[in-house]
Student: 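Mind looking over this structure? Questions follow.
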There are 2 protein chains.
Amino acid sequence: MATIYEVAALAGVSPATVSRVFNGNTVSPEKARAVREAAARLAFTPNKTARRLRKQSSEVVALLIPDIENPFFTALARGVEDKAQEKGFSVVLCNTDDDPGKELRYLEIAASEQMAGVILAPASDEADLGAIASLGRPVVAVDRTTPYPVDAVKVDNRAAGIAATTALFDAGHRKIACIAGPVGIEATEDRFLGWRQVMTARRAAGPENYLQHANFRADGGHAAMRRLLALPEPPDAVVTTNNLMGVGALQAIVEAGVDPAKFGLAVVGELPFMFLTPPAVVQVRLPARHLGTTAATMLLERIGGDAQPPRTIVLRAELA
Amino acid sequence: MATIYEVAALAGVSPATVSRVFNGNTVSPEKARAVREAAARLAFTPNKTARRLRKQSSEVVALLIPDIENPFFTALARGVEDKAQEKGFSVVLCNTDDDPGKELRYLEIAASEQMAGVILAPASDEADLGAIASLGRPVVAVDRTTPYPVDAVKVDNRAAGIAATTALFDAGHRKIACIAGPVGIEATEDRFLGWRQVMTARRAAGPENYLQHANFRADGGHAAMRRLLALPEPPDAVVTTNNLMGVGALQAIVEAGVDPAKFGLAVVGELPFMFLTPPAVVQVRLPARHLGTTAATMLLERIGGDAQPPRTIVLRAELA
DNA sequence: GTTCTTGACGAAATCGATTTCTTGGACTTC
DNA sequence: GAAGTCCAAGAAATCGATTTCGTCAAGAAC
């Protein structure tokens, strides 16, 4: 790998001038040409590490998501990538497994690698943004918010929960249960609150155990659904607060021999690759990719120096 | 962020000694203790960028995959991550979209960011490994091989194709078509060759247009399946050479009003989240995650200095 | 014609670690 | 006790870029 010094020597200028050529500073046309020629001949690529050490920042942003195998987050990742790529930034994807420890470790890496910024789907309410925040690196929370004063992009989760529940109601269901995610995660709590709001407003609130908490994955949804079906008075419909739990619930329904076309299922999110889904299943489509592009846009604005007070952008989910 | 100099000053030693403490060199116990104490008090984290500049290498490996939204590759990514994490390495995920241009750009980034190594699912046969290879950074090809002499981990794709096709045969199908991926991609070609081998051996080769090429995604499989169903003498079964094309094919079958329980479908790979799949669907399970851990293990061995000649490890797929 | 401004550009400092070189003291060895 | 060995630890060089500072010359202003 050729260095700036070799290029300078070949072009007959100082290293400083080479740097200036590549950073758009004032250099006379002849020298500029000489430098470019020398650089081309040596196949010179600036050493990013050296540049980063000097500039104390890089053109890399970190994206921390809880589950790389969840299509919602990969769609989000794609949105982030598209936007970042467009502006010449690279994206580093980190999988936190919803583990605050892993999350913290990745945040520290982001700091010590002097990444330009972080987009974070926080694993918990107490995501410790201290390290990067103190470095003045921008952070954007996505899908979930944090107590820290940072930009955020989220979905109107309560509305999504209301839409899902209302659709089941309109389809004639009354005994509507809810499979919610782990407690303490805002996105899922708001969706479950939407469900409760509808049930209360319509005076249809069922027994307490119509609310089941589960982990965010298919196995959690599956187990929760089995618990619901085993109740003395099982529900005739269910709302799940994310996509994978919906997958699990549907699986449990089918396994139990219940006709999924009759049993009401509403999912906040999309059942991935699931066109075989009985048409009766209600899906509230979340703008995952759009969430990603929006978050990336905000982050890049901040990186560009935008210093307005933190904003929260709320996107609407649409019934599909 | 505290630097090594501040730690040195606080501990009353030289920066060199601080470095030695953190890199396991000979330092007297008292000084070591003093340094650790000072480091703790200042919340010192070594600056990775500076260290990387000096050491000319980092503890980050790049993983280049063609499609982050394909569950096969995310499972693979998880495998890589697990192993890397275990050894204290971070993984940077890059999405090439099967675009040789993007792939090349990421390879250059990997080089100029002095990453320790690269795991690559090559977008094309001509993946240009020149840049990193010349830096002496190890590369492991995964899922697909390359003409370059590097380690590789792959699946016995022909056997997988044979298993898929044979299963359809055993179920009584004779007019078996094949939806293969784009030409020039080894993994998919071997699978299709497995199909052809069985068809020829059993003297059941159908018309030429029973072989359809498609892109690797669901929409490609969908379109190809429609073409097959529109033939004057449509097949009564089909093998798809990857998972997403299988999803698309199944969708087309259902849409066309054909009973998916009667029509034979065999997929090399797993239909993601598809337990609603008619049980008749044959899936040849690919060891995606295992592919990832194996590749990571090999890469880390190389990074550790292992210099034996390039190996290719072939994993078997199992009928499920 | 002298002073001031301006712009190109080289020399050298800088970012923060690692590593080589050196030094000085403790410890062997004969 | 002199010479040789060993080891901890500081000084300084190094990685490869960017950036500050200073110089010098050309052009502007009066």
Side-chain angles (χ1 to χ4, degrees), chain A residues 1-36 38-39 42-60 108-116 131 134-137, chain B residues 1-36 38-39 42-60 108-109 111-116 131 135-137:
Chain A
M1 275 259 165
T3 74
I4 206 172
Y5 295 94
E6 307 174 45
V7 174
L10 182 58
V13 301
S14 77
T17 301
V18 177
S19 172
R20 284 192 265 257
V21 169
F22 286 100
N23 291 284
N25 274 314
T26 53
V27 177
S28 72
E30 318 92 71
K31 303 227 172 195
R33 211 180 35 69
V35 167
R36 283 187 203 291
L42 296 173
F44 165 72
T45 335
N47 181 311
K48 294 255 183 75
T49 305
R51 150 189 278 246
R52 181 185 300 188
L53 174 60
R54 181 62 231 243
K55 305 237 296 186
Q56 303 285 12
S57 128
S58 66
E59 249 114 55
V60 177
E108 275 167 3
I109 289 178
S112 69
E113 296 265 0
Q114 13 258 144
M115 297 189 184
S134 72
L135 282 172
R137 304 256 184 255
Chain B
M1 275 260 164
T3 73
I4 206 173
Y5 296 94
E6 306 173 47
V7 174
L10 182 58
V13 301
S14 77
T17 302
V18 177
S19 172
R20 286 192 264 257
V21 169
F22 285 100
N23 290 283
N25 274 314
T26 51
V27 177
S28 74
E30 318 92 71
K31 302 230 171 194
R33 211 181 36 69
V35 167
R36 284 187 203 291
L42 296 173
F44 166 73
T45 336
N47 181 312
K48 294 254 181 75
T49 304
R51 146 188 278 243
R52 179 185 302 189
L53 175 61
R54 183 62 231 247
K55 307 238 295 185
Q56 304 285 14
S57 128
S58 66
E59 248 115 57
V60 177
E108 275 167 3
I109 290 179
S112 69
E113 296 265 1
Q114 13 258 144
M115 297 188 183
L135 282 171
R137 304 257 183 258

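Order of the sequence lines fixes the chain letters, A, B, ..., with proteins taken first and strands second; residue numbering starts at 1 for each chain. What's counted below: heavy atoms across the whole structure, side chains too, no hydrogens, waters or symmetry copies.
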Student: Categorize B:Phe22 for me: base, sugar-phosphate, or nothing, with a 4.0 angstrom heavy-atom threshold over every strand shown.
Tutor: nothing

Student: Please report the interatomic distance OG1(A:Thr17) to NZ(A:Lys31), rounded to the nearest 0.5 Å.
Tutor: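 Interatomic distance, A:Thr17 OG1 to A:Lys31 NZ, rounded to 0.5 Å: 6.5 Å.
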
Student: Just how far is it from atom OG of B:Ser28 to atom CZ of B:Arg20, taken to the nearest 0.5 Å?
Tutor: 11.0 Å

Student: Can you give me the first and the last nucleotide of DNA chain D (5' to 3') that has an atom within less than 4.0 angstrom of a non-hydrogen atom in chain A?
Tutor: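 First and last nucleotides in contact are D:dG16 to D:dT20.
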
Student: Could you please spell out the steps behind the side-chain contact (heavy atoms from CB on, under 4.5 Å) verdict for A:Arg137 and A:Gln114?
Tutor: CA-CA 9 Å; A:Arg137 304 256 184 255; A:Gln114 13 258 144; 3.5 Å; yes

Student: If the cut-off is 4.0 Å, is A:Ser28 near the phosphate of C:dC9, judged by side-chain N/O to OP1 or OP2?
Tutor: yes

Student: Identify whether the distance between the nearest side-chain nitrogen and carboxylate oxygen of B:Glu113 and A:Arg52 falls below 4.0 Å.
Tutor: yes

Student: Looking only at heavy atoms, what is the nearest atom pair of B:Ser58 and B:Ala116, with distance?
Tutor: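 It is O-CB, 3.1 Å.
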
Student: Taking the nucleotide of DNA chain D with the nearest heavy atom to each, does B:Glu30 or B:Lys55 sit closer to the 5' end?
Tutor: B:Glu30

Student: Give, for atom CD of B:Glu59 and atom CZ of B:Arg51, the distance between the pair rounded to the nearest 0.5 Å.
Tutor: 6.0 Å

Student: Any base atoms under 4.0 Å from A:Val18, or only sugar-phosphate, or nothing? Heavy atoms, all strands.
Tutor: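 Touches nothing.
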
Student: Between P on C:dA8 and CZ on A:Arg33, what's the gap in Å once rounded to a whole number?
Tutor: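 Distance check: A:Arg33 CZ to C:dA8 P gives 17 Å.
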
Student: Describe the nucleic acid contact of B:Thr3 in one word from base, sugar-phosphate, nothing, applying a heavy-atom distance below 4.0 Å.
Tutor: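 The residue B:Thr3 makes sugar-phosphate contact but no base contact.
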
Student: Over all strands shown, is A:Lys31 touching base, sugar-phosphate only, or nothing at heavy-atom distances under 4.0 angstrom?
Tutor: sugar-phosphate

Student: What is the separation between atom CZ on B:Arg20 and atom C1' on C:dT19, rounded to the nearest whole Å?
Tutor: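 After rounding, the reported distance stands at 9 Å.
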
